[in-house]
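Remarks on the structure that follows.
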Amino acid sequence: VLESYFDNAATTPVDRRVVEEMLPYLTDFPGNASSIHSLGRKAHQAVDLARERIATLIGAEDPSQIIFTSGATESNQWVLGNFNPAEVRRSPFEHSSIREFNQEIIGAPKNDLNVQIWINNETGTVFQKPAGKNLVDATQGVGKLPFQVQQCDYVSMSAHKLYGPKGIGALYANTHDLAPLLHGGGQEFGMRSGTLNVPGIVGFGAAAAIGHDEMASNLAQATNLNRTLLAGLGNTTDWQINGGENRSPHILSLSFAGIEGESLLIELDNRGYCCSAGAACSSHNTEPSAVLVAFGVDPAMIRGTIRVSFGKSNTLLATENLAKEISQIVEKLRSLR
Ligand code: PMP
């Protein structure tokens with residue numbers, strides 16, 4: 001049923017094997033991971049395993065470098081909040097959780113931070129790790145493309161982009177040098193208090209292990225689907241791919257001259273295809289995408305942009321059909337002008 005869901009950059013469905021691993025921690029093993037009785041220890045062990053699996057996925061030396069958060073927004077802003085805003089350099093291609101952060105400083109401000117998104121969520125563009133003290137937003141790539149945390153100080157991620165549950169993520173921190181984000185029970189090495197979301201953490205760990213084991217085949221599938229979609233648009237005129245040459249196969253930002261992207265999306269939705277205008281979090285915003293502007297995309301083309309993002313539930317047939325539908329709808333919308 002999800003073969004026509006092409007909005008995997010907004011969020012991915014939870015892998016059923018992930019749900020299987022989570023279920024006992026919602027029912028039979030409800031312990032608080034801080035409790036010292038057997039069910040508490042059971043939960044604690046499950047959290048330890050998840051931390052190890054995530055550390056393995058991203059090549060972290062020590063599992064204690066993984067600190068669980070509610071997701072990449074929180075991870076990003078925790079790091080930013082520790083730095084003097086005047087000393088933080090952000091690229092114009094960052095996710096809104098970085099671009100729009102403007103908050104009080106947490107603790108004593110640190111100096112000098114370079115922030116760089118690894119894979120842009122709107123175009124799939126792959127960026128290099130910046131030099132110096134850095135925060136790398138790896139949310140769109142972790143578990144999908146090979147990634148190693150070497151040369152990173154902080155790395156943010158969210159489980160729901162790699163077939164895990166929503167509302168759970170992590171911050172990789174090379175050393176525990178951040179001021180605590182939340183105070184209280186002292187969970188997460190005293191840096192992020194609050195009762196652990198054990199089922200969510202277990203799900204994140206399971207998703208990380210599956211992402212690690214099945215990365216090569218999933219990557220091959222996404223590459224194939226990406227090529228298939230582009231080949232299927234071959235007869236359509238006046239369109240472009242945004243984001244330069246070095247792109248992840250999971251995301252395609254496509255602009256069609258002379259149409260409104262919104263109209264195309266609605267027509268596609270009516271025919272059973274879920275795509276998006278760009279970042280799902282900004283889809284209620286009518287301003288042109290700051291990221292596409294930064295890429296130098298012509299304003300008229302920005303208006304005619306959709307994002308297609310591939311995942312493991314998409315089939316070749318659904319992708320071929322999506323290309324046909326896009327071509328037909330674009331032609332129809334142009335003829336109505
Ligand atoms: N960074 C990037 C690159 C993202 O794509 C997202 C999710 N759209 C986030 C951060 C924020 O993740 P979350 O909404 O799970 O906090």
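Model, not experiment: these values are computed from the prediction. All ligand and atom numbering here is 1-based and tracks the order in the structure.
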**Arg16 and Glu20 ion-paired at < 4.0 Å** = no

**Message:** Is the ring pair Phe189/His176 parallel, tilted or perpendicular, if the boundaries are 30 and 60 degrees?
**Reply:** tilted

**Asked** Rounded to the nearest 0.5 Å, what separation is found between the CD atom of Gln77 and the CG atom of Asn102?
**Response** 10.0 Å

**Reference residue Pro199; test side-chain contact (heavy atoms from CB on, under 4.5 Å); the match among Thr27, Ile168, Leu26** = Leu26

**Distance filter under 4.0 Å to His160 heavy atoms, resulting ligand 1 atoms** = 13 (P), 15 (O)

**Message:** So, 4.0 Å and heavy atoms of Glu74: is ligand 1 close enough to count as a contact?
**Reply:** no

**Message:** If you count heavy atoms of other groups shown closer than 6.0 angstrom to CZ of Arg271, is the number above 12?
**Reply:** yes

**Side chain, backbone, both or neither: Ile117 near ligand 1, heavy atoms under 4.0 Å** = side chain

**Prompt:** Who gets closest to atom 3 (C) of ligand 1 by heavy atom: Ile251, Asn120, Asp137?
**Reply:** Asp137

**Request:** Any atoms of ligand 1 less than 4.0 Å from a non-hydrogen atom of Ala72? List them with their elements.
**Result:** 9 (C), 10 (C), 11 (C), 12 (O), 16 (O)

**Message:** Quick test of your reading of the model: are Lys312 and Asp15 salt-bridged, counting only N-O distances below 4.0 Å?
**Reply:** yes

**Asked** Taking non-hydrogen atoms only, is Lys161 closer than 4.0 angstrom to ligand 1 via side chain, backbone, both or neither?
**Response** side chain

**Request:** May I ask you to check whether Asn121 has an N/O atom sitting below 3.5 Å from an N/O atom of ligand 1?
**Result:** no

**Message:** Between Glu87 and Lys133, does any NZ, NE, NH1 or NH2 come within less than 4.0 Å of an OD or OE carboxylate oxygen?
**Reply:** no

**Request:** Between Gly141, Ser158, Gly71, flag the one that comes closest to atom 13 (P) of ligand 1 by a heavy atom.
**Result:** Ser158

**Item:** Minimum non-hydrogen distance to atom 14 (O) of ligand 1, winning option of Thr139, Asn76, Thr73
**Value:** Thr73

